[in-house]
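Single-structure report; data block below.
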There are 2 protein chains.
Amino acid sequence: MTTIADVAALAGVSVATVSRTLHGSSRVDPRTRERVLAAAAELDYVASPTATSLASGRTHVVAVVAPLMSRWFFATVVTAIEQELRAAGYHLLLITLDGQAADSGLQYEMFAKRVDGIIALNVPATDADLAMLHRLGVPVVAVGMALDRWPRVHIDDAAAVRTAITHLIGLGHREIGYVGTTDTSVAHMSTPGERSAAFRAALREAGLSVRPEWAVDSDWTADAAARKVEPMLRAEQRPTAILAGSDEMAIGVLGAARWIGLRVPEDLSVMGIDDHTFAAVLGLSTIHQDVRAQGRLAVSMLLDDLRAEAAPADRTVARTVEVPTYLIARETTAHPETTAPPGG
Amino acid sequence: MTTIADVAALAGVSVATVSRTLHGSSRVDPRTRERVLAAAAELDYVASPTATSLASGRTHVVAVVAPLMSRWFFATVVTAIEQELRAAGYHLLLITLDGQAADSGLQYEMFAKRVDGIIALNVPATDADLAMLHRLGVPVVAVGMALDRWPRVHIDDAAAVRTAITHLIGLGHREIGYVGTTDTSVAHMSTPGERSAAFRAALREAGLSVRPEWAVDSDWTADAAARKVEPMLRAEQRPTAILAGSDEMAIGVLGAARWIGLRVPEDLSVMGIDDHTFAAVLGLSTIHQDVRAQGRLAVSMLLDDLRAEAAPADRTVARTVEVPTYLIARETTAHPETTAPPGG
DNA sequence: TTGAAAGCGTTACCAT
DNA sequence: ATGGTAACGCTTTCAA
């Protein structure tokens with residue numbers, strides 16, 4: 001393996017000079033620089049990141065922690081993050097909470113020393129986790145769920161839900177149901193329970209009553225949502241519209257409606273939140289959020305912090321950024337034509 | 001930051017002994033071990049992975065290279081891989097090709113020295129890339145697309161397509177169309193073009209003719225597939241069934257059918273390949289593949305190679321593993337009831 | 001502008 | 001079984 005010493009030898013300078021040249025930092029005589037660069041190129045030299053890290057104390061790696069990857073939102077943010085990090089000369093260490101006991105703690109110690117910073121995607125943390133994070137002194141940026149006092153990029157979940165409900169009410173719906181996580185105890189799998197709370201609030205604001213049996217708890221998947229919503233749709237009295245906490249779950253509702261034999265939107269209006277890649281093609285009405293933008297923002301905020309460590313008070317980005325959302329009305333929502341005929 | 005020296009001091013032994021104890025390798029007096037462990041626990045000592053890497057030459061990090069993350073298949077394998085790696089004490093460095101020029105090369109040099117091995121998910125590589133990889137001497141395992149002579153885990157794409165076609169023919173279909181990538185030039189975005197080739201082969205084997213205009217090229221997304229398949233479905237003569245190269249694209253076909261007003265499966269049968277999470281709930285007939293298993297297998301094969309580096313000829317896993325696939329007939333495929341009435 | 005040399009925190013070899 | 005001590009490959013003072 002070719003080391004910095006080889007380059008130094010070939011260029012006829014000291015390793016210190018090679019290091020300086022390749023770092024572009026301090027001044028180096030143009031002609032010296034020329035020779036060094038030539039030597040490095042000649043030898044296909046690439047500095048050992050390991051040695052560099054040990055000597056400099058910075059790894060140029062950022063950890064991204066997410067509950068799991070198989071959900072569209074996470075996969076999409078991560079792609080955006082990776083791209084942005086790569087452009088900035090950083091690598092991405094992916095940490096998933098999948099398959100871990102919810103209470104096993106995040107074990108930041110295991111990777112904290114490997115990275116310069118952490119981007120946490122919707123990961124809840126126990127007090128112990130937070131304490132650990134602070135103790136380690138690693139910069140953190142949260143995406144989605146707030147994480148202590150760290151910078152955060154997110155959407156206004158309550159507003160998203162309100163917009164959705166307003167849309168449905170505007171169409172004439174009065175009997176509205178909801179599927180989504182309402183229980184936040186399964187910590188590491190949960191997503192802002194705010195959406196569920198916002199649902200109740202939005203209905204109340206509109207002067208509509210919230211029927212408890214029309215707000216069902218579900219895992220954040222299409223299958224689960226379909227199963228959970230089925231009884232509600234088969235009941236004597238069923239809602240004329242259902243809002244799902246995510247498009248994934250909305251697709252589940254679509255499935256349930258299909259196998260029950262309810263026409264969408266004639267017999268049932270369905271809405272989601274997110275604007276999943278499939279939403280357009282399925283004609284799903286939803287609330288759009290720019291997921292990639294959130295990833296990009298998270299990266300700039302983190303890099304900003306990393307730079308600030310070197311040159312304090314050099315921050316350019318707001319400490320918390322709210323990304324706007326907006327309604328996309330497609331074909332799964334319409335005026336309620338019929339008043340809930342006996343289901344089935 | 002607490003270092004190995006602190007632990008050694010507290011335990012009253014040399015750093016060498018601490019290193020040995022924590023590594024479990026060579027023998028250490030039980031009582032000494034006890035003291036060291038206590039000291040380490042007392043100080044919350046965690047070895048610096050950076051220093052360890054530099055000294056030992058092994059990073060305990062594996063790179064996973066994928067075209068992008070926002071596709072269900074990739075996201076799912078990656079989750080499985082991460083989980084498996086974590087269990088084995090390894091971390092995962094995620095490299096995406098998203099947003100890179102297709103011909104920009106994979107730039108393995110940029111991360112090769114950071115990792116002990118590489119898992120490549122459906123990434124095509126130029127000869128230059130392959131040469132580079134070999135030169136770097138990093139163990140590689142390929143998932144999906146074959147990569148030179150490296151170990152590989154994959155499904156039999158041709159068989160999958162054949163099974164699908166057989167299913168359709170068994171239902172009585174004779175006019176069968178296909179959507180998927182047929183052009184493999186857009187290298188870093190392509191997936192086994194084998195599926196497309198297999199489609200033609202399967203039809204020919206069955207004695208059916210392949211109408212060129214019924215085999216359309218498309219990006220590997222629902223939207224693209226929907227757009228690409230629309231003209232085919234609106235044409236005077238249209239197929240009675242369509243096989244998509246992936247469930248994602250099949251969902252696109254479902255969308256196109258919906259907005260054109262074709263009933264599925266009465267007017268059109270639709271099949272996919274993969275058994276995407278949404279397939280069940282959408283009632284999509286498809287060919288199932290166990291994606292997580294492929295991820296797990298890839299990890300064992302790679303770890304096997306890493307161990308073999310230490311203790312040569314110590315391999316336990318076959319050099320190439322083929323994961324089985326099988327038909328799941330759901331509700332989007334049926335006997336062709338009508339013979340292609342004028343579209344629209 | 002350049003070079004010498006002291007770290008950075010571990011591992012692993014060689015003695016003992 | 002344990003300790004001393006060269007590496008590992010680079011960065012970064014400190015001098016020159």
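Below, chains carry the letters A, B, ... as their sequence lines are ordered, and counting in each starts from 1. All values derive from a computational prediction rather than experimental measurement.
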(message) If you count heavy atoms of other groups shown closer than 6.0 angstrom to CD of Glu322(A), is the number above 12?
(response) yes

(request) With the side chain of Ala16(B) defined as its heavy atoms from C-beta on, choose the nearest nucleotide among dG9(D), dT5(D), dT2(D). (result) dT5(D)

(request) Classify the ring geometry between Phe111(A) and His91(B) as parallel (under 30°), tilted (30 to 60°) or perpendicular (over 60°). (result) perpendicular

(request) Take atom CG of Leu54(A) and atom P of dT12(D), then tell me their distance rounded to the nearest Å. (result) 12 Å

(request) Look at all strands and tell whether Val13(B) reaches a base, only sugar-phosphate, or nothing, counting heavy atoms closer than 4.0 Å. (result) sugar-phosphate

(request) Between Ala51(B) and Thr17(A), name the one whose nearest nucleotide on DNA chain D is closer to the 5' end. (result) Ala51(B)

(message) Taking the nucleotide of DNA chain D with the nearest heavy atom to each, does Ala55(B) or Val15(B) sit closer to the 5' end?
(response) Val15(B)

(request) On DNA chain C, reading 5' to 3', which nucleotide is the first and which the last to sit with an atom under 4.0 Å from a heavy atom of chain A, could you check? (result) dT1(C) to dG9(C)

(message) If I take atom OG from residue Ser70(A) and atom CZ from residue Arg292(B), how far apart are they, to the nearest 0.5 angstrom?
(response) 6.5 Å

(request) Applying ring pair (Phe, Tyr, Trp, His ring centres under 6.0 Å), name anything that partners Tyr45(B), two or more places apart in sequence or on another chain. (result) none

(message) What is the distance, to the nearest angstrom, from the CG atom on Asp29(B) to the P atom on dG3(D)?
(response) 11 Å

(message) Run through DNA chain D and report every stem of 3 or more consecutive Watson-Crick or G-U pairs, distances under 3.5 Å, ordered by first number.
(response) C:1-16 with D:1-16

(request) Could you tell me the separation between the CZ atom of Arg58(A) and the C1' atom of dT11(D), rounded to a whole number of Å? (result) 12 Å

(request) Decide if atom CD of Glu34(A) counts as having more than 12 heavy atoms of other residues, nucleotides or ligands within a radius under 6.0 Å. (result) no

